[in-house]
Visitor: 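Input: one structure, supplied below.
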Number of protein chains: 2
Amino acid sequence: MAGFNFETLERENLGETVYARVAEALIKGRFAPDARLTIRELAQSLGTSVTPVRDAILRLIQDEALVQKSAREVRVPIITLERYREIRQIRLKLEGLAAREAALKAKAKDIERLHDLIALNERAIADKNWAEGLELNQTFHFALADIGDMVVLRGILNRLWLQMGPLIAESYHEGGRAMIDNHYAVLAAVENKDSDAAERAIIADITEGGNVILERLFSRRAAGADQAN
Amino acid sequence: MAGFNFETLERENLGETVYARVAEALIKGRFAPDARLTIRELAQSLGTSVTPVRDAILRLIQDEALVQKSAREVRVPIITLERYREIRQIRLKLEGLAAREAALKAKAKDIERLHDLIALNERAIADKNWAEGLELNQTFHFALADIGDMVVLRGILNRLWLQMGPLIAESYHEGGRAMIDNHYAVLAAVENKDSDAAERAIIADITEGGNVILERLFSRRAAGADQAN
DNA sequence: ATAAGAAACATGATGCATCAAACACCGCAA
DNA sequence: TTGCGGTGTTTGATGCATCATGTTTCTTAT
């Protein structure tokens, strides 16, 4: 075979590295919502000049994982209740689609991978290792898009997760078993090549897990109803 | 009311300007697929330094509206048949959702706007003004997300359109009435606040319009089956 | 066809101009 | 005297241009 088509060939840039590190920090919830980021400060803490940081910030703003409050103010966005609701609606459609495709296309090794991810996640939860659990949960959701061979969908999901990152990170441990219980149903459906069941299961997973986050957003709104503009 | 919350406050940058111009060129199909772009050349033709162009290109790569073939090679992507199929699947779900919401939330002025868009598009087609028709068609699809008040979905749609731009541009005029006929059904459904009908209509629109593009992709594949790598 | 040299390009660093927000200072009124 | 509002200055951060460097790619000659 002449040429293998790499979907995203990762180039080794400083800008790429900075992007990856900041993105990871966002997903892991290591930046508080509304925290202000300055290019110079980040550059100093990473030991580079401003240029690669500038590149990374620009890309994250494009992802809507960061927002420009004003000309010289970049902040971690505060996700509103309405925005989270919309993201959840979108996820239900997209991940439902991914789950359907995954159920149709899954090979034996794919099923094994899903199985392993659940097992690892189960262990992380038992150990109260929330950071690990958070990451495994994300990997599981992405895996469906991977198995379904949907690269565009995978990209969209990546961005959505980047936006939800800070929010999910602070709620994940409250979810308890609701964050993983439905994964078993997803796995079973994929194993049976049952598209309908797979979609139903992933929808249940997103819905139930999301309720924890919605409650948090409700209480936040109730608490700071009209103090902030 | 204290503060009005602008969703996207547009800052007046050179980088922003360059982004907008290149993005428009992509959507209008003014760059051929596989065309190579160099930062320096663009900078010269726009009369700026490389910095703003660099910023714009970086953002467009993030959108997957441009691709990095190798370290120093940025090209307009060639959309494969599989990729277009996936994008269409995604659009069916997302725009279906947008149409449902639009049907629920549309005000009188929104319906009037849709009506006007169709009328203008009808005229553009009659005049064989394909560029105008192309833009109005896009505006109509975006309008449903706007009316449905789905800002996240709107952003995703924007990016998808940016990716499909070159492809749609070269096929639009082949679509003939198929590109607009279903818009009437969408309008009627929104007017009747009938979510189900609105979703069905937009799905029909995307599907039928997409068939023209799929045919083109099929013939392209058949023609250049194994000449390119 | 291959290899070596030359041209070209992107990346990353740095410097400068600009611009906005914070802050302190000052005057004025209660 | 104290509190408040307005004004001018200062600080700090970004946008853009330019420069240096290393790599890639095109060209040309064998």
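Residue numbers begin at 1 in each chain, while the letters A, B, ... track the order of the sequences.
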Visitor: With B:Tyr172, which residues qualify under ring pair (Phe, Tyr, Trp, His ring centres under 6.0 Å), at least two apart?
Guide: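 So B:Tyr172 forms no ring pair (Phe, Tyr, Trp, His ring centres under 6.0 Å) with any residue.
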
Visitor: Using whole Å, report how far CD of A:Gln44 lies from P of C:dA13.
Guide: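 Result: 13 Å.
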
Visitor: Please report, rounded to the nearest Å, how far the C1' atom of C:dG12 is from the CG atom of B:Asp55.
Guide: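 Whole-Å distance recorded here is 13 Å.
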
Visitor: Taking the basic N atoms (NZ, or NE/NH1/NH2) and the acidic carboxylate oxygens, is any pair closer than 4.0 Å for A:Asp55 and B:Arg54?
Guide: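 A salt bridge links A:Asp55 with B:Arg54.
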
Visitor: Please tabulate the protein-to-nucleotide N/O contacts below 3.5 Å involving nucleotides 20-27 of chain D, giving atom names and distances.
Guide:
from: D:dT25; atom 1: OP1; to: B:Ser70; atom 2: OG; distance (Å): 2.9

Visitor: Find the distance A:Ile39:CD1 to C:dT14:P and express it as a whole number of Å.
Guide: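 Going from A:Ile39 (CD1) to C:dT14 (P), I get 16 Å.
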
Visitor: Does A:Val74 or A:Thr51 map to a spot on DNA chain D nearer the 5' end, using the closest nucleotide for each?
Guide: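 Result of the comparison: A:Val74.
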
Visitor: Output the rounded distance in Å from CG (A:Leu66) to P (D:dA13).
Guide: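 Going from CG in A:Leu66 over to P in D:dA13 covers 16 Å.
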
Visitor: Name the closest nucleotide to the B:Leu14 side chain, picking from C:dA13, C:dA10, D:dA17.
Guide: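 Minimum distance to the B:Leu14 side chain belongs to D:dA17.
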
Visitor: Is the phosphate of C:dT11, meaning OP1 or OP2, less than 4.0 Å from a side-chain N or O of B:Gln68?
Guide: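 Yes, within the criterion.
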
Visitor: Is it the case that atom CZ in A:Arg30 sees more than 12 heavy atoms from other parts of the structure closer than 6.0 Å?
Guide: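 Result for CZ/A:Arg30: enclosed.
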
Visitor: What is the distance from CZ of A:Arg54 to P of C:dT11, rounded to the nearest Å?
Guide: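 To the nearest whole Å, that distance equals 13 Å.
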
Visitor: Looking only at the side chain of B:Val50 (C-beta and beyond, no hydrogens), which of the listed nucleotides C:dG12, D:dT18, D:dA17 gets closest?
Guide: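 Taking heavy atoms from C-beta onward, the closest nucleotide is D:dT18.
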
Visitor: Between the main-chain N or O of B:Ile213 and the side-chain N or O of B:Glu174, is there a donor-acceptor pair closer than 3.5 Å?
Guide: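 No, because the side chain of B:Glu174 does not come within donor-acceptor range (under 3.5 Å) of the backbone of B:Ile213.
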
Visitor: Take the protein atom CD of A:Glu41 and the nucleotide atom C1' of D:dA13, then report the distance between them rounded to whole Å.
Guide: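 Checked: the CD to C1' distance equals 11 Å.
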
Visitor: With side chain to side chain contact (heavy atoms under 4.5 Å, CB included) as the test, would you mind laying out the steps for B:Leu26 and B:Leu60 before giving the verdict?
Guide: CA-CA 10 Å; B:Leu26 281 169; B:Leu60 286 162; 4.3 Å; yes

Visitor: What is the distance from NZ of A:Lys69 to P of D:dG12, rounded to the nearest Å?
Guide: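 From A:Lys69 NZ to D:dG12 P: 23 Å.
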
Visitor: Taking the side chain of B:Thr38 as heavy atoms from C-beta outward, which of C:dA10, C:dA13, D:dT18 is closest to it?
Guide: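 Of all the options, the side chain of B:Thr38 is nearest to C:dA10.
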
Visitor: Using 30° and 60° as the class limits, which term best fits the ring planes of A:Trp161 and A:His141: parallel, tilted or perpendicular?
Guide: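 Tilted: the ring planes of A:Trp161 and A:His141 meet at 30° to 60°.
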
Visitor: Atom CG of B:Asn13 to atom C1' of D:dA17: distance rounded to whole Å?
Guide: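 From B:Asn13 CG to D:dA17 C1': 15 Å.
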
Visitor: Output all residues satisfying side chain to side chain contact (heavy atoms under 4.5 Å, CB included) with B:Asn158, sequence neighbours left out; order by chain, then residue number.
Guide: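 Testing B:Asn158 for side chain to side chain contact (heavy atoms under 4.5 Å, CB included), a comparison that skips the adjacent residues, returns B:Phe142, B:Arg154.
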
